Amino acid sequence: MNYWLMKSEPDCFSIDDLKRVKVEPWDGIRNYQARNMMRDDMKVGDKALFYHSNASKETGVVGVMNIASEAYPDPTQFDPKSDHPDPKSDPENPRWLLVDVKFAEKLPRTVTLAELKTKKTLHKMRLLQKGNRLSIMPVKKAEFDYIIKLSAK
DNA sequence: GCCAACGTTGGC
DNA sequence: GCCAACGTTGGC
């Protein structure tokens with residue numbers, strides 16, 4: 001099983017939104033590295049941390065979800081009214097993919113970015129590397145478990 | 001709102 | 001293939 005971290009701006013789609021709808025197509029990914037990971041490495045049943053980025057309140061890890069589908073074409077790329085249309089994407093060979101994610105749990109508290117930065121165990125996390133902008137990234141099982149444990153304190 | 005870091009685009 | 005210009009991300 002693989003572990004992931006997926007970012008969303010809470011003003012756009014938050015952990016509470018996911019809790020309400022249960023399953024959501026994770027659309028809008030327009031980055032090749034992120035797309036390739038969804039396509040090549042994500043499996044149904046993988047676990048992902050839900051991360052609130054650019055949050056007006058607290059930026060950090062807020063929940064857990066499960067990957068609920070294989071990668072399939074992101075319909076919003078063909079919708080001119082969507083937030084991220086891509087007129088250059090060929091419907092016969094769609095450029096952008098998404099996966100469905102399923103709500104698993106909301107953490108008892110937000111594990112903030114500031115807190116993650118103070119932990120030696122997490123120093124190597126991709127999330128904490130300078131200039132990191134990937135919205136989907138792999139997380140090690142040890143890192144995943146450690147963050148879950150932190151949230152219980 | 002600012003700005004650093006990064007990815008993408010397009011001219012050459 | 002290089003690289004400048006531009007757009008986006010995301011922390012602060």
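What you are looking at is a predicted structure, and each value in this text was computed from that prediction instead of being measured. We name chains A, B, ... by the order of the sequence lines, and we start the count at 1 in each one.
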Inset, instruction - Can you figure out which of C:dG11, B:dG7, B:dA5 approaches the side chain of A:L113 most closely? - result: C:dG11
Inset, instruction - Round to a whole Å and report the spacing from CZ of A:R35 to P of B:dG7. - result: 15 Å
Inset, instruction - Counting heavy atoms from C-beta on, name the nucleotide in B:dG7, C:dG10, B:dT9 closest to the side chain of A:N31. - result: B:dG7
Legend entry - A:K7 side chain near C:dG10 phosphate (N/O to OP1/OP2, under 4.0 Å): yes
Legend entry - A:Y51 vs C:dG11: side-chain N/O to OP1/OP2 distance below 4.0 Å: yes
Legend entry - Residue A:R95, side-chain heavy atoms: nucleotide from B:dT9, C:dC12, B:dT8 that is nearest: B:dT9
Inset, instruction - Grab the CG-P distance between A:L134 and C:dG10 for me, whole Å please. - result: 9 Å
Legend entry - Between P of C:dG10 and CG of A:L128, the distance in whole Å: 14 Å
Legend entry - Separation of C:dG10 P from A:L127 CG (nearest whole Å): 10 Å
Legend entry - Presence of salt bridge, A:K149 and A:D145, under 4.0 angstrom: no
Legend entry - Listed nucleotide nearest any side-chain atom of A:K117, set C:dG10, C:dC12, B:dT8: C:dC12
Legend entry - Heavy-atom neighbours of A:K43 NZ exceed 12 at 6.0 Å: yes
Inset, instruction - Could you tell me whether the phosphate oxygens of B:dA5, OP1 or OP2, come under 4.0 Å of any side-chain nitrogen or oxygen in A:K130? - result: yes
Inset, instruction - Please round to the nearest 0.5 Å and tell me the distance separating atom CE of A:M6 and atom CD1 of A:I136. - result: 4.0 Å
Legend entry - Spacing of A:E9 atom CD relative to C:dG10 atom C1', expressed in whole Å: 8 Å
Legend entry - Value in whole Å for how far the P atom of B:dG1 lies from CG of A:N54: 13 Å
Legend entry - Nucleotide C:dG10, atom C1' - distance to CZ of A:R126 in whole Å: 16 Å
Legend entry - Side chain of A:K88 - closest among B:dT9, C:dG11, B:dA5: B:dT9
Inset, instruction - For A:R30 and B:dT9, give me the distance from atom CZ to atom P, rounded to whole Å. - result: 13 Å
Inset, instruction - Ignoring hydrogens and angles, state whether a donor on the side chain of A:R20 or A:S14 is under 3.5 Å from an acceptor on the partner side chain. - result: no
Inset, instruction - Determine the interplanar angle of the A:Y3 and A:F144 rings, folded into 0 to 90°, and report it as parallel if under 30°, tilted if 30 to 60°, perpendicular if over 60°. - result: tilted
Legend entry - Selected nucleotide, minimal atom distance to A:H84 side chain, candidates B:dT9, C:dT9, C:dG10: C:dT9
